[in-house]
Amino acid sequence: MTLLILFLCLEVTYPGVSGIFMGKLASKKLCADEECVYTISLARAEDDYNAPDCRFINIKKGQLIYVYSKLVKEREAGEFWAGSVYGEEYEDQMGTVGYFPSSLVSEQHVYQEANKTIPTT
C-alpha cells in the first residue's frame with residue numbers, strides 16, 4: 001500500500017510523466033505595443049465566467065479587467081482577450097492574468113488603440 005501511495009505522489013508531482021497538449025487559441029493578437037505590456041482598455045465583466053483551463057481566468061460580474069491584448073479571431077473560434085483581474089480586496093495590486101471571452105465584458109475606457117499585430121507564442 002505504501003508503494004502505491006508513493007507511486008501516485010511521484011506521478012502527480014513529476015511534470016514529465018504526462019500532460020495535455022493545448023492548441024493555440026489564435027495565431028495573432030492585437031496589442032498597443034510590440035511587447036503587449038501596455039494596457040489597451042479597462043473592461044467590466046457583465047457576467048460570471050468559470051475558466052475551463054489554466055490559460056483562462058475566472059471573472060465575476062462587476063469585476064474590472066485591464067486588457068493587454070485581443071486575439072485575432074480565426075475560423076469558428078471564439079473571440080478572446082487577455083487581461084488582469086483585480087479583486088475587491090486587492091485593487092491596487094497585480095491581479096491574475098489570462099484569457100476571457102470578449103463577449104462577457106464591456107469596455108469602460110480605452111487607453112490606447114490596439115493597432116500592433118503580433119504573432120502569438
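Residue numbers run from 1 in the order of the sequence given.
Closest non-hydrogen pair, Cys31 versus Ile40, comes out as CA-CD1, 4.1 Å. Of all heavy-atom pairs spanning Ala51 and Asn58, the tightest one is N-OD1, 2.6 Å.
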Name each donor-acceptor pair under 3.5 Å that joins a side chain in residues 109-121 to protein atoms two or more places apart or in another chain, with its distance.
unit_1, atom_1, unit_2, atom_2, d
Gln112, NE2, Thr39, O, 3.2
Thr120, OG1, Ala26, O, 2.6
Thr120, OG1, Ser27, O, 3.4

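Atom CG of Leu42 is separated from atom OG of Ser84 by 11.5 Å, given to the nearest 0.5 angstrom. Between the NZ atom of Lys60 and the CD1 atom of Ile65 there is a distance of 12.5 Å, given to the nearest 0.5 Å. Separation of atoms OH (Tyr99) and CG (Leu25) is listed at 6.0 Å; rounding is to 0.5 Å.
Shown here are the side-chain contact (heavy atoms from CB on, under 4.5 Å) partners of Asp47, two or more places apart in sequence or in another chain: Leu104. Remark: Lys70 engages Glu107 in a salt bridge (Lys or Arg N to Asp or Glu O under 4.0 Å) (not counting sequence neighbours).
Applying the ring-ring contact (aromatic ring centres under 6.0 Å, His included) definition to pairs two or more places apart or across chains, those involving residues 30-63 are Phe56-Phe80.
Side chain of Arg44 to backbone of Gly62: a donor-acceptor contact under 3.5 angstrom is found.
Side-chain contact between Leu30 and Trp81 is absent, with no heavy atoms from C-beta onward closer than 4.5 Å.
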